[in-house]
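Note sheet for the following structure.
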There are 2 protein chains.
Amino acid sequence: MNPAYDVFDDHCPTRLVLDRLADKWALLVLDRLQDGPVRFNHLRRDIRGLSQKVLSQTLKRLERDGLVKRTVHPTVPVSVDYGLTPLGRTLTETVAAFAHWAELNMDAVLAAQTAYDSAMTG
Amino acid sequence: MNPAYDVFDDHCPTRLVLDRLADKWALLVLDRLQDGPVRFNHLRRDIRGLSQKVLSQTLKRLERDGLVKRTVHPTVPVSVDYGLTPLGRTLTETVAAFAHWAELNMDAVLAAQTAYDSAMTG
DNA sequence: CAGCATCCGCTCGGATACTG
DNA sequence: CAGTATCCGAGCGGATGCTG
């Protein structure tokens with residue numbers, strides 16, 4: 001580890017990475033890719049609510065950051081799939097933990113919200 | 001786990017949670033709180049670039065979601081600190097993994113970006 | 001110290017239409 | 001199928017000023 005990097009520092013480049021990863025769509029894409037490469041429109045269908053424009057942007061950013069690999073298959077018509085790079089793979093566990101923490105603890109969060117809101121009202 | 005919850009579903013409540021957690025500031029706050037409660041202005045100073053308004057909003061949301069506990073100490077003047085709830089504590093490992101993945105893999109990401117950009121240019 | 005209220009620029013992201 | 005291009009409204013978040 002390079003001790004010069006510090007996420008709490010405003011001007012540290014890690015902030016840029018954090019900004020990329022702290023994105024709902026990027027997390028969902030990375031989570032969806034953990035079982036292997038997926039094609040563009042397949043991703044689009046699987047991740048409900050994700051528009052094609054945002055998917056395109058998200059994939060491009062993830063590719064630029066070296067987390068996702070874009071592969072073009074020379075078929076007719078051309079087909080393209082997206083998979084994790086080795087670097088991206090080092091993140092999958094964390095991403096999965098994140099995404100599924102929500103599923104596991106949803107009830108507790110909803111209960112906390114209800115309690116908080118009723119405390120405000122009453 | 002409740003199999004009814006699915007982060008890939010557009011209308012699943014877990015999407016709301018994911019939205020909250022997939023936030024740079026929320027992640028940094030949670031990461032900063034893992035060693036114990038911290039006072040408001042202390043947080044503000046430690047997390048560079050975080051404005052007071054956004055810190056306030058972030059803390060309120062995290063409190064509403066049951067991840068953070070706000071404690072008022074009846075001193076003069078009043079002092080307030082924020083700490084993790086037991087629920088919030090179940091997230092710290094994941095959050096820390098996230099924040100520090102950035103620090104660990106910064107060099108690789110920067111290299112990937114450079115390669116990507118030069119491939120575009122040249 | 002620990003906030004709230006207001007203004008406001010800027011970007012995110014949804015909708016739509018078009019291309020190879 | 002796999003995108004690009006454009007328009008545009010909503011909201012995030014920074015700056016500033018004020019309160020108990």
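Below, chain A is the first sequence line, B the second, and so on; all start at residue 1.
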Can you tell me how far P of D:dG14 sits from CD1 of B:I47, to the nearest Å?
-> 12 Å

State whether the side chain of A:E103 and the backbone N or O of B:T14 hold a donor-acceptor pair below 3.5 Å, judged by distance alone.
-> no

Axial bend angle, the helix from C:dC1-D:dG20 to C:dG20-D:dC1: five-pair end segments, nearest 10° = 50°

How long is the gap from OH on A:Y5 to CG on B:N105, to the nearest 0.5 Å?
-> 10.5 Å

Quick check: does any side chain N or O of A:T114 sit under 3.5 Å from a backbone N or O of A:L110, one acting as donor and the other as acceptor?
-> yes

Nearest of C:dG14, C:dA2, D:dG3 to any side-chain atom of A:S51?
-> C:dG14

5'-most contact on DNA chain C: B:F40 or B:K53, nearest heavy atom basis?
-> B:F40

Separation of atom CG in B:D23 from atom C1' in C:dC12, rounded to whole Å | 14 Å

Distance-only, no hydrogens or angles: does the B:D6 side chain make a donor-acceptor pair with backbone N or O of B:F8 under 3.5 Å?
-> yes

Over how many whole Å does the gap from B:H73 atom NE2 to C:dG3 atom P extend?
-> 11 Å

Find the distance B:D19:CG to C:dC12:P and express it as a whole number of Å.
-> 15 Å

Report which part of the nucleic acid B:D81 touches: base, sugar-phosphate, or nothing (heavy-atom distance under 4.0 Å, all strands).
-> nothing

Closer than 4.0 Å, any side-chain N/O of B:R39 to the OP1 or OP2 of C:dA2?
-> yes

CG of B:L50 to CG of B:L43, rounded to nearest 0.5 Å, is 8.0 Å

To the nearest Å, how far apart are B:H42 NE2 and C:dG3 C1'?
-> 18 Å

Kindly point out which of D:dG14, D:dC1, C:dC1 is positioned nearest to the side chain of A:R45?
-> D:dC1

Under 3.5 Å: donor-acceptor pair, side chain of A:T85, backbone of A:G66 = yes

B:N41 CG to C:dC4 C1': how many Å, rounded?
-> 14 Å

Rounded to the nearest angstrom, tell me the gap between atom CG in B:D46 and atom P in C:dC1.
-> 13 Å

Between B:D19 and A:K24, is the closest basic N to carboxylate O distance under 4.0 Å?
-> yes

Ion pair A:D117/B:R64, N-O distance below 4.0 Å = yes

Any protein N or O atoms within reach of nucleotides 17-20 of chain C? Criterion: under 3.5 Å, listing atom names and distances.
none

Sugar-phosphate, base or nothing in reach of A:R70, heavy atoms under 4.0 Å = sugar-phosphate

Whole-Å distance between D:dG3 P and A:L43 CG?
-> 10 Å

Linked, directly or transitively: A:V78 and A:Y82 (ILVMFWY side chains, under 4.5 Å) | yes

Working to the nearest 0.5 Å, report the span between CD of A:E63 and CG of A:L59.
-> 8.5 Å

Quick one: is D:dA2 close enough that its OP1 or OP2 comes under 4.0 Å of any side-chain N or O from A:S56?
-> no

Within the structure shown, what part of the strands sits under 4.0 Å from B:K60 by heavy-atom distance: base, sugar-phosphate, or nothing?
-> sugar-phosphate

